[in-house]
Amino acid sequence: MAREYPIENVRNIGIAAHIDAGKTTTTERILFYTGKKHKIGAVDDGTAEMDWMVQERERGVTITAAATTCFWDEHAIHLIDTPGHVDFTVEVERSLRVLDGVVALFCAVGGVEPQSETVWQQANRYHVPRIVFVNKMDRVGANYTRVLEMMKERLGANPLPLQLPIGEGTEFEGVIDLITQKALRWDTADQGQTYSEAEIPTEFQQEIEAARESLFETVAVEDEIILEKYLDGEEITHDELLTAVRTATLKGALVPVLCGSSLKNQGVQPLLDAVINFLPSPVDVPPIEGTAPQPTAGSKRPKRTRDTTEADKVTRPADDTAPFSALAFKVASHPTVDKLVYCRVYSGTLRRGEAVYNARSEKRERVNRILQMHANKEAVSDAAYAGDIVALVGLKDTKTADTLTDPKEPILLESITFPEPVISIAIEPERASDADALEETLEKLMDEDPTFTVGIDQETGQRIISGMGELHLEILTDRMVREFGVNARVSKLQVSYRETISTTAEARGKHIHKTDEEGIYGDVQLTVEPLERGEGFQFEDNSDETQIPRQYIPFIEKALEGAMLTGPRIGYPMQDVKATLTGGSYHPTDSSEVAYEAAAVLAFENAVRKANPLILEPIMRIHITVPDEHVGKVIGDLNSRRAHINESVAQDASETGNASQLTRDIINAFIPLSETFQYTTHLRSMTQGRGAFTLEFSHYEVVPESLAPGAKLAGTA
C-alpha cells in the first residue's frame with residue numbers, strides 16, 4: 001500500500017501554551033474546519049473531542065497530550081494538543097521531541113505567561129520552528145501590541161506580525177492580512193466556516209502601511225532577494241514574500257504572528273494556512289541523527305572494539321525507502337490491548353506484522369497493528385511511513401524514549417530528558433487482596449509517565465509515589481480507582497528534600513580484614529567540597545598509581561555515586577558535591593574491587609559528616625493573578641510562607657480598555673514547595689474565588705536550620 005500523500009505535504013505540529021490560553025478550543029475549531037468532526041465541542045461542558053479523559057472533562061483542563069490527523073489544502077496535519085498545566089509538562093516535553101513545528105498560543109490579555117515561557121524554552125531546546133496565534137482578541141483587556149512586546153522581552157523572540165486586529169476586546173471584528181492586504185471578517189451564522197475578504201477600512205490605511213513597511217524591513221534582514229528589491233524600490237511579489245518568511249521561520253530567525261478568537265470562531269482558517277505555508281514538513285528539517293548502538297554483555301550482535309566516535313554517528317533521511325527508524329515517545333494503557341506505543345517514524349516504512357528492533361532492550365518485537373489515533377479513537381492502517389505519528393500494538397517491552405529500528409541496520413536515537421519529581425506521598429492498598437493489583441497498576445502508570453516514580457522507604461517500608469505536583473498525583477490516584485479498579489490509601493504529601501555540604505573536608509576510609517583463607521584490603525583517602533547549585537556530582541582522581549592501581553578507579557567512582565543517594569543528616573539524596581581522590585594504599589594480593597568500593601563509601605561518609613552537611617528544599621516559581629483589592633492580603637500571606645516576591649504588576653483600567661473592568665495584579669515569586677500544600681483552597685478563600693496561580697519547579701535552596709527536618713519523615717522520597 002503506497003503513501004496517500006507526498007511527504008512534502010505532511011506537517012507534524014503541536015499546540016502549546018499556558019493553561020487556559022485556549023489550546024483545546026483552538027484544536028476543536030481546527031478539527032471542525034478541516035472536516036474531521038461535524039460539531040464543535042466545548043471545554044466548559046465537557047464535550048471537547050481531544051479532552052477525552054473523565055478527569056479532563058470534570059476539571060476542564062488538558063491532562064494528556066492527544067494526537068489526531070486532519071487534512072487541509074491537500075496537506076496532512078498530524079496534530080498534538082498538549083497540556084498547559086505545569087504538572088503535566090512531561091506531555092509537552094515528549095511531544096516537542098518528535099514534532100517538526102509548534103503553534104504557540106498566547107492569551108491577548110495575559111500575554112506571555114509563565115508556562116508559555118517554559119514551553120518556549122522547551123521548543124528552543126529541540127530547535128522547533130514555531131508560529132504564534134494571539135487568541136482571545138475578543139476579551140476585555142486584549143492588547144495585541146503588548147503581547148508582541150512581551151515576546152521580545154520575555155522570550156527573546158523576533159515576532160513578525162502578519163495580521164493586525166480590527167478592533168480589540170468587545171470591538172474586535174476580524175483581522176487585516178498584511179500580505180494580501182485584505183480585511184477578513186467571519187460569518188457568525190455558520191460558526192465561522194465562511195469569511196469575507198474586503199478592502200482595508202480607510203481608518204486603518206495609515207497603520208497598515210506602517211506595518212507593511214516594518215514587515216518588509218524585518219524580512220529583508222533575513223533574505224537577500226527581498227533586501228535587494230526593497231532597497232531598489234521594486235515590487236515584492238506575494239510568493240516571494242511567503243518564501244522568505246517560510247525560510248526565516250524554519251531557521252528560527254523570525255516568528256510569524258497571527259491573531260483571532262477561537263471561541264468566537266474567528267481567525268482559525270488563516271492559522272491553518274500559516275501552518276502549511278510556514279511550518280516545516282519532515283524533509284525540511286535535518287535528517288535525524290543517532291549512533292550505532294553498542295551491544296551489552298550477552299548480546300548476540302558483535303560488539304565494537306572502540307569507543308563511540310564521530311564514525312559511529314548515523315543519520316536517517318526522511319525517506320520511505322531508507323532503513324526504518326522511529327522514537328517511542330509515549331506509552332498509554334488501552335482497554336482491549338496490553339498497551340499502545342505512540343511513535344514518530346523518522347525514516348523508512350513499517351508494515352503491519354513486521355518485526356522491529358528495540359535498540360535499548362536489544363530485543364525484536366512484532367507489530368500486530370498500526371493505528372492512526374484521533375484522541376482515544378483509532379483507525380487501523382496497513383503501514384506507517386516516514387513522517388507519520390502512529391500508535392503501535394504488540395510491543396510489550398517498549399518504554400517511553402526507546403528507539404525502534406530496522407533489525408539489519410540499527411540506530412540509537414537521542415533519548416528524552418524528563419524532569420525529576422518534586423513531591424511525594426505514601427500509598428498502600430486498602431486490603432491485602434489489592435496488593436498485587438496496586439503493584440501492577442503502578443507499573444502501568446510508570447510506563448505511561450516517566451515523571452511518576454515508585455520506591456520503597458528503606459526505614460519505614462512504605463511504598464512512595466512521586467510526581468510533579470499535587471494535581472499530578474491527584475489525577476494518578478483517581479485513575480487508579482476509576483480506570484484500574486484499585487482502592488488505595490494515600491498519606492499526607494511530603495517534599496523531596498536533598499542534602500549537600502557547605503565546607504571542604506578530608507577523610508580516609510579503610511576496609512581491611514584478614515582471615516585464614518584470604519585477606520581483604522582497600523584504603524581510600526579523598527576530599528569533598530561543595531559545588532554550585534544544580535551541578536550534581538563530580539569526581540576527580542588526583543591519586544598516584546603507586547597508591548591505588550588504575551583498574552580500581554572506576555569502581556571507586558561508582559561507589560561514590562551510590563553513596564550520594566543517602567545523605568549524612570537524615571538520609572535524603574545528596575547533590576552538588578565534588579569528591580577528589582587524593583590517595584590511599586593497596587596490597588599486592590588482598591586488594592580487590594569490592595574492597596575499594598567499601599573503603600570509598602567509608603571515606604565519603606566520614607568526609608561529608610565533617611563538611612557541615614545541609615538540607616535543601618525544592619523552590620517553586622509561582623505566578624499568581626488576583627484582583628487588585630486582594631493583592632495586599634495575598635502578598636502578606638506569601639511573606640508568611642517564606643516566599644521571595646520578584647514583582648507585582650498591576651493591569652489597570654487604562655490597559656484593559658474598560659474602566660468598569662476590575663484591576664488585576666500579577667505576582668511573580670519564588671516559594672518553598674512545602675509552603676504550597678492546599679494553597680489552591682487558601683488562595684480562593686482569600687480572593688473570594690477570583691485568584692488563580694501556577695507553579696513550576698525552579699531550583700533547590702538551603703532550608704533554614706530552625707525549619708530543617710530533624711528526622712526522616714515517613715513517606716518522603
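Quick note: numbers below take in every heavy atom, side chains included, and nothing from hydrogens, waters or symmetry partners. In this chain, residues are counted from 1 in sequence order.
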S.K.: So, applying side-chain hydrogen bond (donor to acceptor under 3.5 Å, both in side chains) with Trp186, which one of Gln269, Gln191, Glu173 is it?
M.R.: Gln269
S.K.: Looking only at non-hydrogen atoms, find the nearest pair between Asn12 and Pro282 and report the distance.
M.R.: ND2-CG, 4.0 Å
S.K.: Any side-chain heavy atom of Leu178 within less than 4.5 Å of one from Ile208?
M.R.: yes
S.K.: Quick check: do Leu263 and Arg29 have side-chain heavy atoms less than 4.5 Å from each other?
M.R.: yes
S.K.: Quick one: do Arg146 and Glu149 make a salt bridge, cutoff under 4.0 Å?
M.R.: no
S.K.: Does the Arg185 side chain pair with the main chain of Ala183, one donor and one acceptor, at a distance under 3.5 Å?
M.R.: no
S.K.: Considering all heavy atoms of both residues, which atom of Gly141 and which atom of Val109 are nearest to each other, and what is their separation?
M.R.: C-CG2, 3.7 Å
S.K.: If you define the side chain from C-beta out and look only at heavy atoms, does anything of Gln193 sit under 4.5 Å from Phe32?
M.R.: yes
S.K.: Would you say Glu74 has more than 12 foreign heavy atoms packed within less than 6.0 Å of its CD?
M.R.: no
S.K.: Mind listing the closest non-hydrogen atom pair of Leu227 and Ala220 along with its distance?
M.R.: CB-O, 3.4 Å
S.K.: Distance alone, cut at 3.5 Å: any donor-acceptor contact between the side chains of Asn668 and Arg621?
M.R.: no
S.K.: Between Tyr679 and Leu638, does the side-chain contact (heavy atoms from CB on, under 4.5 Å) criterion hold? Intermediate values first, please.
M.R.: CA-CA 10 Å; Tyr679 189 64; Leu638 287 174; 3.7 Å; yes
S.K.: Measuring only between side-chain heavy atoms, which start at C-beta, is Ile176 closer than 4.5 Å to Glu207?
M.R.: no
S.K.: Could you tell me whether the side chain of Asp449 and the main chain of Leu445 form a donor-acceptor pair under 3.5 Å?
M.R.: no
S.K.: What is the ring orientation for Phe216 with Tyr230, classed by angle as parallel under 30°, tilted 30 to 60°, or perpendicular over 60°?
M.R.: tilted
S.K.: Identify which one of Ile666, Leu683, Val631 satisfies the side-chain contact (heavy atoms from CB on, under 4.5 Å) criterion when paired with Ile624.
M.R.: Leu683
S.K.: Report the distance from atom SG of Cys259 to atom CG of Leu271, rounding to the nearest 0.5 Å.
M.R.: 11.0 Å
S.K.: Given the rule in the side-chain contact (heavy atoms from CB on, under 4.5 Å) test, do Val275 and Ile30 qualify, once you have shown the distances and angles that lead to the verdict?
M.R.: CA-CA 11 Å; Val275 167; Ile30 289 175; over 6 Å; no
S.K.: Counting heavy atoms not belonging to Glu647, are there more than 12 under 6.0 Å from its CD?
M.R.: yes
S.K.: Find out whether Arg642 and Ser674 are in side-chain contact, i.e. whether some heavy atom of one side chain is under 4.5 Å from a heavy atom of the other.
M.R.: yes
S.K.: Is the backbone of Ala210 close enough, under 3.5 Å, to the side chain of Ser214 for a donor and an acceptor to pair up by distance?
M.R.: no
S.K.: Between Asp187 (side chain only) and Ala189 (backbone N and O only), is there a donor and an acceptor less than 3.5 Å apart?
M.R.: yes
S.K.: Has the side chain of Arg11 got a donor or acceptor atom that lies under 3.5 Å from a matching backbone atom of Ile276?
M.R.: yes
S.K.: Quick check: do Arg97 and Phe329 have side-chain heavy atoms less than 4.5 Å from each other?
M.R.: no
S.K.: To the nearest 0.5 angstrom, please state how far the CG atom of Leu105 sits from the CZ atom of Phe133.
M.R.: 6.5 Å
S.K.: Measuring from Ile619:CD1 to Glu675:CD, what's the distance to the nearest 0.5 Å?
M.R.: 9.0 Å
S.K.: Apply the test side-chain contact (heavy atoms from CB on, under 4.5 Å) to residues Val268 and Glu28: give CA-CA distance (whole Å), side-chain angles for both, the deciding distance (0.1 Å), then the verdict.
M.R.: CA-CA 10 Å; Val268 177; Glu28 285 294 311; over 6 Å; no
S.K.: Which pair of non-hydrogen atoms, one from Leu160 and one from Leu254, has the smallest distance, and what is that distance?
M.R.: CD2-CD1, 4.0 Å
S.K.: Nearest 0.5 Å, what's the CG-CE distance between Asp637 and Met686?
M.R.: 4.0 Å
S.K.: From Leu476 CG over to Thr451 OG1, what is the distance, rounded to the nearest 0.5 angstrom?
M.R.: 8.0 Å
S.K.: Is there a side-chain contact (heavy atoms from CB on, under 4.5 Å) between Leu99 and Ile389? Walk through the geometry before answering.
M.R.: CA-CA 9 Å; Leu99 292 172; Ile389 293 178; 4.1 Å; yes
S.K.: Would you say the side-chain atoms of Tyr33 pair up with the backbone N or O of Trp72, donor to acceptor, closer than 3.5 Å?
M.R.: no
S.K.: If you look at every heavy atom in Gly101 and Pro280, which pair is closest and at what distance?
M.R.: CA-CD, 4.4 Å
S.K.: Verify, without hydrogens or angle tests, whether Asn277 (side chain) and Leu242 (backbone) share a donor-acceptor contact under 3.5 angstrom.
M.R.: no
S.K.: Could you give the distance from OG (Ser698) to CG (Leu673), rounded to the nearest 0.5 Å?
M.R.: 12.0 Å
S.K.: Taking C-beta and beyond as the side chain, do Glu696 and Glu117 meet within less than 4.5 Å on heavy atoms?
M.R.: no
S.K.: For Pro450 versus Thr400, what's the shortest heavy-atom pair and its separation?
M.R.: CG-CG2, 3.9 Å
S.K.: Quick one, Glu209 and Ile200 - any side-chain contact, counting heavy atoms below 4.5 Å?
M.R.: no
S.K.: Got a salt bridge between Arg344 and Asp100, using NZ or NE/NH1/NH2 to carboxylate O under 4.0 Å?
M.R.: yes
